[in-house]
Amino acid sequence: MPTITLPDNRQLPFDEPVRVETVVASIGAGLAKAALAAKVNDVLVDLSYVIEQDASLKVITAKDPEGLEVLRHSTAHLLAQAVKALFPSAQVTIGPVIEDGFYYDFALERSFTPEDLESIEAKMQELAAKEYEVTRRVMGRDEAIAFFRDSGENYKAEIIEGIPAGETLSLYQQGDFVDLCRGPHVPNTRHLKAFKLMKVAGAYWRGDSNNAMLQRIYGTAWADEKALAAYLYRLEEAEKRDHRKLGKLLDLFHTQEEAPGMIFWHAKGWQLYRVIEAYIRRKLHEYDYQEIRTPQIADKILWEKSGHWAQYREEMWMTSTENRDYAIKPMSCPLHVQVFKQGLRSYRDLPLRLAEFGSCHRNEASGTLHGLMRVRQLTQDDGHLFIREDQIEAEASKLLDLVYEVYHDFGFDDVHCRLSTRPDKRVGEEAVWDKAEIALQQVLERKGVQWTLQPGDGAFYGPKIDFKLRDCLGREWQCGTVQLDFQMPGRLEAYYIDEVGNKVVPIMLHRAVLGSMERFIGVLIEHFAGKFPVWLAPVQASILTVSDKQAEYAQKIYESLKKEGLRVEKDLRNEKIGFKIREHTLQKVPYLIIIGDKEVNSSQITLRSRSGEDLGAMSLADFTSLLEKESALLGRGKS
RNA sequence: GCCGGAGUAGCUCAGUCGGUAGAGCAACUGAUUCGUAAUCAGUAGGUCGUGUGUUCGAUUCACAUCUCCGGCACCA
């Protein structure tokens with residue numbers, strides 16, 4: 001005799017076990033039409049689920065986040081159904097929901113073409129319109145294996161073989177299409193309307209590059225056409241922020257075939273770079289670092305000792321001369337250890353904080369290169385702290401402060417923090433790893449920052465905390481990192497003398513705040529969509545004359561602003577003022593200074609903001625103090 | 001590295017079912033001196049990513065290769 005409690009605390013008594021859809025129908029016809037699934041005692045279930053005991057019930061529609069997930073998941077099934085209809089020899093594998101959509105992986109002897117995608121999508125529309133009931137049934141594990149083997153679905157059978165014997169599995173059927181799935185699913189394909197197939201790509205079976213490559217079709221699905229259109233518009237807008245596009249448009253940098261994965265910084269991009277570098281230098285000073293500079297290349301022997309050769313040989317660039325092999329440095333840590341090792345170190349010297357804008361070369365796989373985000377020559381805002389064991393917490397904690405402070409100054413408040421633990425390929429004893437992982441976790445917990453665990457993702461010498469920022473399409477890029485290392489100083493024979501005269505191997509904290517300068521600038525460009533705040537903007541103001549007559553006065557203004565240390569450009573061309581404004585606005589210059597006869601006569605300037613606002617006439621002194629005030633805000637104010 | 005797509009003027013792109021290519025913007029020249037997002041006219045500009053092959057003839061077809069784009073794997 002279940003009594004069902006609705007979210008508004010209304011109670012519905014039933015005489016016997018009842019299907020969710022029956023309950024929903026008794027609430028109202030409109031709701032019954034919109035219902036996709038339900039939460040019974042907070043567990044997401046199908047509408048066909050039978051409630052036997054007293055329970056709470058919440059009906060899920062496409063308006064709920066869970067409803068959207070169900071919708072997307074069912075759309076993935078619809079995709080598989082359409083593919084099977086058009087390509088009977090295709091085998092289905094998995095089709096999960098992802099952010100903003102779903103994908104489904106298929107095994108097929110040939111590749112899907114973009115044209116195939118169109119016909120598959122049309123088929124999906126056609127199938128959805130048939131308003132198939134989506135039905136659920138359970139099957140024993142062994143029976144399910146046989147079922148999928150018989151239908152030629154070997155990948156599905158393999159998945160089920162990984163499930164413990166004796167378990168029962170749920171299968172979902174719509175028309176003649178059956179798929180193994182945990183569910184829940186929409187009750188009828190008529191709910192699937194607003195979807196679009198986005199792209200086709202290769203993906204390894206079970207995510208392992210030793211396995212066969214499957215064909216993955218990505219799609220997106222929404223509650224209605226309007227939401228779908230809004231999503232597509234959002235993508236279009238995001239593409240306009242692409243740092244590669246803006247890098248060209250704003251004349252910041254370029255890349256070319258002869259140097260894949262390496263950046264040619266143009267004057268404006270390099271100006272931006274230098275401002276960021278100068279900012280970091282101020283922070284290094286504030287946090288008691290010593291900036292150093294170490295060689296670009298070093299004997300292979302050093303890398304063998306440090307462990308890099310064994311772990312990362314593939315990615316290291318090599319060069320040789322006079323029968324000696326050298327590696328171009330992929331990172332600075334072994335070289336910083338060499339600096340630490342010069343002279344005899346005392347426990348009183350610790351913590352010793354060394355920093356370097358280290359130019360590193362890594363032979364990244366060709367398919368991974370991506371604008372500024374993934375390059376083969378990168379500059380880390382690198383640092384290594386040599387510390388005693390009792391200093392771990394204090395130093396790691398200070399690092400978190402530094403990282404969050406810096407990100408805040410650049411206007412990033414959406415930082416994803418990850419703790420990565422021991423990987424398969426590693427050096428060092430398990431007990432040391434235990435200690436290191438616990439230490440980092442404790443620091444995170446005491447700081448009270450939000451973080452997630454990434455098991456197996458640590459560096460080969462120790463666990464790490466990573467800070468990730470998102471690009472305009474929502475892809476995450478690792479920027480800052482804090483890595484605890486109990487291995488490398490010992491491998492490279494570094495030690496200090498403790499209070500009682502013993503030689504002790506220091507612990508090393510590797511850290512980068514921005515990560516790679518290149519990547520950080522890439523994210524920064526997209527974050528601001530090229531509209532850099534005044535302190536970062538390569539050109540802070542452009543001086544535009546209305547006609548030739550004001551050239552001399554404009555030149556004077558230009559000189560005095562330059563003398564103030566401001567980054568200004570002048571545009572004295574014989575062009576209409578509207579044209580000049582357009583050009584400099586497209587260049588996203590924060591302030592335009594308009595000089596006409598009026599300004600010459602009153603010894604003033606007229607100011608226009610990047611957003612098109614007329615800020616009126618003012619003296620040069622007023623303008624410089626305005627810029628100064630705004631620069632002091634860094635990236636924390638308006639952009 | 002793997003799967004798929006792409007590479008044509010400085011930029012954005014059109015085009016050639018095999019007969020050596022075109023637009024807009026930019027550049028250059030001239031006219032215009034014009035007050036808040038494009039003044040007008042003219043000129044010049046490309047061995048169609050690279051190599052090899054097929055062909056009377058290749059930017060177009062084939063093969064190889066490089067780079068880029070989207071994923072996957074990787075990411076000290």
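Note: hydrogens, waters and symmetry copies are ignored here, and every other heavy atom, side chains too, is used. Naming convention: chains lettered A, B, ... in sequence-line order (proteins, then strands); numbering from 1 in each chain.
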*Hey, is A/F579 stacking on B/A38? Ring centres under 5.5 Å, planes under 30°.*
no
What contact category does [X] fall into here, base, sugar-phosphate, or nothing, at under 4.0 angstrom with non-hydrogen atoms?
X	answer
A/E314	nothing
A/E599	base
A/G578	sugar-phosphate
A/T368	base
A/A365	base
A/G612	nothing
A/Y461	sugar-phosphate
A/T606	base
A/A203	sugar-phosphate
A/E258	nothing

Rounded to whole angstroms, how far apart are [atom1] on [X] and [atom2] on [N]?
X	N	atom1	atom2	value
A/E99	B/G71	CD	P	13 Å
A/K245	B/C69	NZ	P	12 Å
A/H370	B/C72	NE2	C1'	15 Å
A/M198	B/G71	CE	C1'	13 Å
A/Q550	B/U36	CD	P	13 Å
A/W205	B/C72	CH2	C1'	15 Å
A/L369	B/C66	CG	P	13 Å
A/I577	B/U32	CD1	C1'	16 Å

Give me the distance, rounded to whole Å, that separates [N] from [M] when you measure between the [atom1] atoms they each carry.
N	M	atom1	result
B/A14	B/U32	C1'	33 Å
B/C28	B/A9	C1'	15 Å
B/U60	B/G51	P	12 Å
B/G22	B/A64	C1'	31 Å
B/U12	B/U8	P	9 Å
B/C25	B/U43	P	14 Å
B/U55	B/G18	C1'	9 Å
B/A31	B/G15	C1'	35 Å

*Picking from A/T606, A/D597, A/V600, A/I594, what satisfies side-chain contact (heavy atoms from CB on, under 4.5 Å) with A/V546?*
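For A/V546, the side-chain contact (heavy atoms from CB on, under 4.5 Å) check succeeds only for A/I594.
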Is [X] side chain donor-acceptor paired with the [N] base, going by distance under 3.5 Å alone?
X	N	value
A/D614	B/U36	no
A/R519	B/C75	no
A/Q215	B/G71	no
A/N574	B/C34	yes

Between [Y] and [X], is there a side-chain donor-acceptor contact under 3.5 Å, judged purely by atom types and distance?
X	Y	result
A/Q338	A/T294	no
A/Y461	A/Q483	yes
A/D116	A/S119	no
A/T452	A/R418	yes
A/T220	A/W222	yes
A/S89	A/E109	yes
A/N363	A/E314	no

Taking the minimum atom-to-atom distance to the side chain of [X], which one of [options] wins?
X	options	answer
A/I581	B/C74, B/C34, B/U36	B/U36
A/D597	B/G35, B/A73, B/A76	B/G35
A/R244	B/G5, B/C74, B/C69	B/C69
A/P260	B/C68, B/G35, B/A76	B/C68
A/Y218	B/U33, B/G4, B/G71	B/G71
A/S209	B/G35, B/C34, B/A73	B/A73
A/D548	B/G1, B/U33, B/A76	B/U33
A/R608	B/A37, B/C2, B/C74	B/A37
A/Q478	B/A76, B/G35, B/C72	B/A76
A/R475	B/A76, B/G71, B/U33	B/G71

When you measure from the side-chain N and O atoms of [X] to the phosphate of [N], is any distance below 4.0 Å, counting only OP1 and OP2?
X	N	answer
A/Y204	B/G1	no
A/S547	B/C34	no
A/K199	B/C69	no

*Passing option when A/E364 is tested against A/R374, A/Q377, A/R376 for side chain to side chain donor-acceptor pair (under 3.5 Å)*: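 Single side chain to side chain donor-acceptor pair (under 3.5 Å) partner of A/E364 among A/R374, A/Q377, A/R376: A/R374.
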*In a check of side chain to side chain donor-acceptor pair (under 3.5 Å) between A/T545 and each of A/E599, A/R573, A/K580, A/K570, which one passes?*
A/K580
For [N], the Watson-Crick or wobble counterpart (both distances under 3.5 Å):
N	answer
B/U16	none
B/G10	B/C25
B/A44	none
B/G51	B/C63
B/A73	none
B/G35	none

*Which sits closer to the 5' end of RNA chain B, A/R216 or A/I595, going by the nucleotide each is nearest to?*
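Nearest nucleotide further toward 5': that of A/I595.
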*asked:* Need to verify one output field. Residue with the more 5' nearest nucleotide on RNA chain B, A/K598 or A/M331?
replied: A/K598
